[in-house]
Q: 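Provided herewith is a single structure, encoded as structure tokens, for subsequent inquiry.
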Amino acid sequence: MAELDEIIHQPLRLRIMAALNVLPVATGLEFARLKKLTGATDGNLGAHIETLARAGYVAVDKAFVGKKPQTTVTATAAGRGAFGRHVATLQEIIAGKQP
Amino acid sequence: MIDSRQASAALSDINDVVHRVRQSQIYQIASLIIIMWGVLVFVGYIANYTWSPQGYAIWLVVDLVGIAGSIGIAAFGGVGRGAGAFAIRLLMAFLLFIAFGIFCSVVLGHFGPRQMLVFWPVFTMLFYALAGLWFGYAFIVIALGSTALIVIGYFYAGPALLLWMAAVHGGALVLGGLWMRRI
């Protein structure tokens, strides 16, 4: 029986992973755009990205574009796999294959 | 463990985010194309005003550069972001619209220069408005705003219509594209 991924299952982290997973492999989203797409606040988003990065589900790249710092978040292969399994588990629950 | 209702809510949340990301990607690509067309038509109107006898040649160049640029932006920005199929369908729809416009304005109707000058921008704005029904309200706002300004110019700008069109059609496209990038 598949288990729900407790790291991904938190609502905002689920939204972050959904946003990153829909992009082509190795393509990331800027912090500001990710904030807008997930409807998160700065501090909240930063904390949850940190949790996902510690689990190895996302990679965080900080760079300067001109004089402005820019943070880009990308789903790793492990993150994409975990997200896929999590979604499959949710679908199994809906289909009644899991209690 | 969660129940099926909570699982459905989680999947619905995922679908909502996926829809937002895809719409955002479309806006990013479309806004670049809209800004490019804004600059091109602005230059076209000014050139047409300055060298009136070369009007057809000027607009042929503007259209060819615009179509090539649109394909380039869609291919460069779209394929890399997984939206290539969308871009190709959008381009095909656009080309069908152009063919229909030529049929109406040249074959069925016999529009004079002033009518032609207004028909094409209004007709392409109809395409934007229809696209907006599927891809987001920003397209509809740009289309309706531009069309209203163009029609006002048609009735009230007199001999300065080309300059009016440069400002309102070119300007509206550039500003609309910039606004779309901020959504």
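Order of the sequence lines sets the chain letters (A, B, ...), proteins ahead of strands, with each chain counted from 1.
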Q: In plain terms, say whether A:Arg85 and A:Asp5 are close enough for a salt bridge, that is, a side-chain N and a carboxylate O under 4.0 Å apart.
A: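 A:Asp5 and A:Arg85: not salt-bridged.
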
Q: Apply side-chain contact (heavy atoms from CB on, under 4.5 Å) to the pair B:Ile73 and B:Ile29, showing each step before the final yes or no.
A: CA-CA 7 Å; B:Ile73 292 170; B:Ile29 296 166; 4.2 Å; yes

Q: Could you tell me if the side chain of B:Val174 sits less than 4.5 Å from the side chain of B:Val39, heavy atoms only?
A: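 Heavy-atom side-chain distance check passes, below 4.5 Å.
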
Q: Taking side chain to side chain donor-acceptor pair (under 3.5 Å) as the definition, give me every residue that meets it alongside B:Gln115, ordered by chain and number, with sequence neighbours left out.
A: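 Result, side chain to side chain donor-acceptor pair (under 3.5 Å) vs B:Gln115: B:Tyr154.
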
Q: Within a 6.0 Å radius of atom CZ on A:Arg80, are there more than 12 heavy atoms belonging to other residues, nucleotides or ligands?
A: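 More than 12 heavy atoms, drawn from other residues, nucleotides or ligands, come within 6.0 Å of this atom.
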
Q: Go through the steps to decide whether A:Leu29 and A:Val73 satisfy the test side-chain contact (heavy atoms from CB on, under 4.5 Å), and finish with yes or no.
A: CA-CA 5 Å; A:Leu29 281 172; A:Val73 187; 5.7 Å; no

Q: Closest approach of B:Gly153 and B:Arg114, non-hydrogen atoms and distance?
A: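 In this case the closest contact between B:Gly153 and B:Arg114 is O-NH2, 3.7 Å.
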
Q: At under 4.5 Å between heavy atoms, what parts of residues 4-21 of chain B are in contact with chain A? List them by residue number.
A: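 From residues 4-21 of chain B, the residues near chain A are B:Ser4, B:Ala7, B:Ser8, B:Ala10, B:Leu11, B:Asp13, B:Ile14, B:Asp16, B:Val17, B:Val18, B:Arg20, B:Val21.
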
Q: Give the C-alpha distance, both sets of side-chain angles, the deciding distance and a yes or no for side-chain contact (heavy atoms from CB on, under 4.5 Å) between B:Cys104 and B:Phe119.
A: CA-CA 10 Å; B:Cys104 289; B:Phe119 171 76; 4.3 Å; yes

Q: Should the ring pair B:Phe127 and B:Phe97 be called parallel, tilted or perpendicular, given that the plane angle runs from 0 to 90° and is split at 30 and 60?
A: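 Aromatic pair B:Phe127/B:Phe97 classed perpendicular.
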
Q: Could you check whether B:Trp37 and B:Ser70, counting side-chain N and O atoms only, form a donor-acceptor pair closer than 3.5 Å?
A: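 Yes.
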
Q: Counting only non-hydrogen atoms closer than 4.5 Å, can you tell me which residues of residues 44-55 of chain A sit against chain B?
A: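 Within residues 44-55 of chain A, no residue comes under 4.5 Å of chain B, counting heavy atoms only.
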
Q: Answer with side chain, backbone, both or neither: which region of A:His9 has an atom nearer than 4.5 Å to a non-hydrogen atom of chain B?
A: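 Contact with chain B is through the side chain of A:His9 alone.
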
Q: Before you tell me yes or no, could you show the steps for B:Leu117 and B:Trp164 under side-chain contact (heavy atoms from CB on, under 4.5 Å), namely the whole-Å CA-CA distance, both residues' side-chain angles and the distance that decides it to 0.1 Å?
A: CA-CA 11 Å; B:Leu117 197 62; B:Trp164 172 267; over 6 Å; no

Q: Among residues 10-21 of chain A, which ones touch chain B with a heavy-atom distance under 4.5 Å?
A: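 A:Pro11, A:Leu14, A:Arg15, A:Ala18, A:Ala19, listed by number.
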
Q: Check whether more than 12 heavy atoms from other residues, nucleotides or ligands sit under 6.0 Å from atom CZ of B:Phe123, and answer yes or no.
A: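 Yes, CZ of B:Phe123 has more than 12 neighbouring heavy atoms, counting only those of other groups under 6.0 Å.
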
Q: Any chain of hydrophobic side-chain contacts (each under 4.5 Å) joining B:Val43 to B:Tyr56?
A: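 Per the 4.5 Å side-chain linkage, B:Val43 and B:Tyr56 are not co-clustered.
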
